[in-house]
Amino acid sequence: MAFSITLPLLALSLSISFLLPTSFSSSCSLHSCQLSDACSSNDDCAAGLYCGNCPATGKNQTTCTRAQAIQPASIVKGLPFNRYTWLVTHNSFSNLNEPSNTGVQRATFYNQEDTVTNQLRNGVRGLMLDMYEFDDDIWLCHSFQGQCYNFTAFEPAINTLKEVETFLTENPTEIVTIFIEDYVHTQMGLSKLFTNADLVKYLYPVSDMPTNGKDWPTVTEMLAKNYRLLVFTSDSSKEATEGIAYQWRYLLENESGDPGMVPGSCPNRKESHPLNSGYASLILQNYFPTIPVESEACKENSASLAQMVQACYNAAGNKVPNFISVNFYMRSDGGGVFDIQDRINGLALCGCSSISACQAGAPMGSCKNTVPPSQTPPSSGVYSGTLQFSFPSSGFSLQHVSAVTKLHHIFLIIVLLL
């Protein structure tokens, strides 16, 4: 079974098709099962895949599911930064497996299932971080009535930023973008935080950021200058006081949460100029519900995400998103957000059906043969992060967590009503 969306890129009518498995094989040996092959454990699947299912779409059979991205700039080089599409994790810090760092049982929502380090190794290049003042420090936290509490806090922000620093130091050809939901009021608080995390050496200076819809420098130029960390804040005052870019001066963004998931509609966030305004050359597309539900994420990150990409492409005046932000980024019914990202980059950068079909230095539309959709994508530019799911190695079934999810949400509602 297949579904498709049409993106009339470059004055052409091109179709993005996503193959959904209709039959399964179960005869593959250790680490040989490919994308959509039936599996019984993670060890059955080839590198970059894990064994999972998606009951939310009626897919109860466990199959090898994609868990890593291909970095587009590793294949098509020398283009402006705003020509590429990158994967972003919403509330990157909100890790279901993160132990309490306050000594109090956490009672809040979760949006991801692995560490920031693992996200980066799996190809995530954008992090959404909510920063609050808590316990005489800056913490990553969900709020309760606008405040960070010991039962909604995750960890001091510097811990996560040090993970970013380590990744950038170990991977000198990579660029990471951080979006801060900013509730830090201490004077120069963010500046001191990034200084203490030893990240200033990688910061892209605000004074060099393009405005009025102009192109960004090429990735090659950014790497040469070591401008490998873009940081945006939701607090407009920080640009003048701390030199941290105000997000909606440099990006256009659609609505987040439930309002951003209405089929066929892609309204801009109220802080952002309209997506088709041309005010900025970077576009951030959100696609996640207001209340995250782990067992539903595999459905959200599959066909409906692809359809929303089309809606936002239309709303933006035929411009592809530069950032796609999702919850539980590894969950899907097959290729998920990784496949969607590949196909957007392929069409936009080289006129091919996938970034893996692009050829360095070749004319637009000159595509090489690629593996069938049922095969694992090529590993060029892919990092081998582990999955870190806290579930049996005999396979990752979303049914394992549905009961826990329901109990957690009931508990959280009770807490909020107290």
| request: Output the distance between atom CG (D235) and atom CG (D182), rounded to the nearest 0.5 Å. | output: 5.0 Å
| task | Could you tell me whether a side-chain N or O of T57 sits under 3.5 Å from a main-chain N or O of C54, the two making a donor and an acceptor? | result | yes
| task | Keeping the roles fixed (side chain from N42, backbone from Y50), state whether a donor-acceptor pair exists under 3.5 Å. | result | no
| query | What is the minimum heavy-atom distance between S295 and A56, and which atoms define it? | reply | O-CB, 3.5 Å
| field | CD1 on I283 to CG on L251, rounded to 0.5 Å | value | 9.5 Å
| Given the rule in the side-chain contact (heavy atoms from CB on, under 4.5 Å) test, do F93 and Q112 qualify, once you have shown the distances and angles that lead to the verdict? | CA-CA 8 Å; F93 63 92; Q112 305 300 334; over 6 Å; no
| Rounded to the nearest 0.5 Å, what separation is found between the CG atom of D37 and the SG atom of C45? | 8.0 Å
| said: Would you say E165 and T169 are linked by a side-chain donor-acceptor pair, where the criterion is simply a distance under 3.5 Å? | reply: yes
| task | Looking only at non-hydrogen atoms, find the nearest pair between W86 and A73 and report the distance. | result | CH2-CB, 4.1 Å
| For V176, does its backbone N or O pair with a side-chain atom of Y202 as donor and acceptor, under 3.5 Å? | no
| message | Please determine whether side-chain contact (heavy atoms from CB on, under 4.5 Å) holds for the pair L120 and E170, giving the CA-CA distance in whole Å, both sets of side-chain angles, and the decisive distance to 0.1 Å. | response | CA-CA 11 Å; L120 293 170; E170 293 177 350; over 6 Å; no
| remark: Which of T115, T89, N118 passes side-chain contact (heavy atoms from CB on, under 4.5 Å) with N95? It is T115
Which pairs would a plain distance check flag for residues 204-211, meaning a side-chain donor or acceptor within less than 3.5 Å of a matching protein atom at least two apart in sequence or in another chain?
unit_1: Y204; atom_1: OH; unit_2: D208; atom_2: O; d: 3.4
unit_1: D208; atom_1: OD2; unit_2: Y227; atom_2: OH; d: 2.9

| task | Please check if the side chain of S94 supplies one atom and the backbone of N111 the other of a donor-acceptor pair under 3.5 Å. | result | yes
| Going by an N to O cut-off under 4.0 Å, is there a salt bridge joining E113 and R331? | yes
| All salt bridge (charged side-chain N to carboxylate O under 4.0 Å, His left out) counterparts of R269, not counting sequence neighbours | E253, E271
| task | For the cysteine pair C51 and C39, state whether the SG atoms are less than 2.5 angstrom apart. | result | yes
| task | Find the distance between CZ (F288) and CG (N327) and round it off to the nearest 0.5 Å. | result | 6.5 Å
| field | Short side-chain to backbone donor-acceptor contact, S272 and N268, under 3.5 Å | value | no
| said: Any donor-acceptor pair under 3.5 Å linking the side-chain atoms of Y287 with those of S304? | reply: yes
| Which heavy atom in Q341 sits nearest to a heavy atom in T85, and how many Å separate them? | NE2-O, 3.0 Å
| Any I344 side-chain heavy atom under 4.5 Å of I324 side chain | yes
| message | For the CG atom of N150 and the CH2 atom of W139, what is their distance to the nearest 0.5 Å? | response | 9.0 Å
| said: What verdict does the side chain to side chain donor-acceptor pair (under 3.5 Å) test give for Y149 and T102, after you've listed the backbone C-alpha separation in whole Å, the side-chain angles of each residue and the deciding distance to 0.1 Å? | reply: CA-CA 9 Å; Y149 292 92; T102 65; over 6 Å; no
| said: As a test of understanding, state which of N286, I178, I180, T177 forms a side-chain contact (heavy atoms from CB on, under 4.5 Å) with M128. | reply: N286
| Is any NZ, NE, NH1 or NH2 atom of the basic residue among D114 and R121 found under 4.0 Å from an Asp or Glu carboxylate oxygen of the other? | no
| Just wondering, are more than 12 heavy atoms of other shown residues or ligands nearer than 6.0 Å to NZ in K225? | no
| request: For the pair S236 (side chain) and Y246 (backbone), establish whether a donor and an acceptor sit closer than 3.5 Å, ignoring hydrogens and angles. | output: no
| Under 3.5 Å, side chain of E300 to main-chain N/O of P289, donor-acceptor pair present? | no
| T65/T63 under side-chain contact (heavy atoms from CB on, under 4.5 Å): CA gap, chis, key distance, verdict | CA-CA 6 Å; T65 304; T63 60; 4.1 Å; yes
| Quick one: CH2 on W248 to OG1 on T233, what's the gap to the nearest 0.5 Å? | 8.0 Å
| request: Can you see which heavy atom on S332 is nearest to which on N301, and at what distance? | output: CB-O, 4.1 Å
| query | Are side-chain heavy atoms of T186 and K192 found at a separation under 4.5 Å? | reply | no
| note | Nearest heavy-atom approach of M222 to F81 is SD-CB, 3.6 Å
| Just by modelled atom types, is the G264 backbone N or O under 3.5 Å from a matching donor or acceptor in the Q307 side chain? | no
| task | Answer with yes or no after comparing the ring centroid distance for F154 and Y132 against a 6.0 Å cut-off, counting only values under it. | result | no
| said: Contact between L223 and I175 at the side-chain level, heavy atoms closer than 4.5 Å - yes or no? | reply: yes
| task | Please report the shortest heavy-atom distance between H142 and D130, naming the atom on each side. | result | ND1-OD2, 4.2 Å
| query | Distance-only, no hydrogens or angles: does the Y329 side chain make a donor-acceptor pair with backbone N or O of N122 under 3.5 Å? | reply | no
| query | Does H185 offer a backbone N or O that forms a donor-acceptor pair with the side chain of E133 under 3.5 Å? | reply | yes
| Pairs flagged by disulfide (SG to SG under 2.5 Å) wherever residues 217-293 is involved - sequence neighbours left out | C266-C312
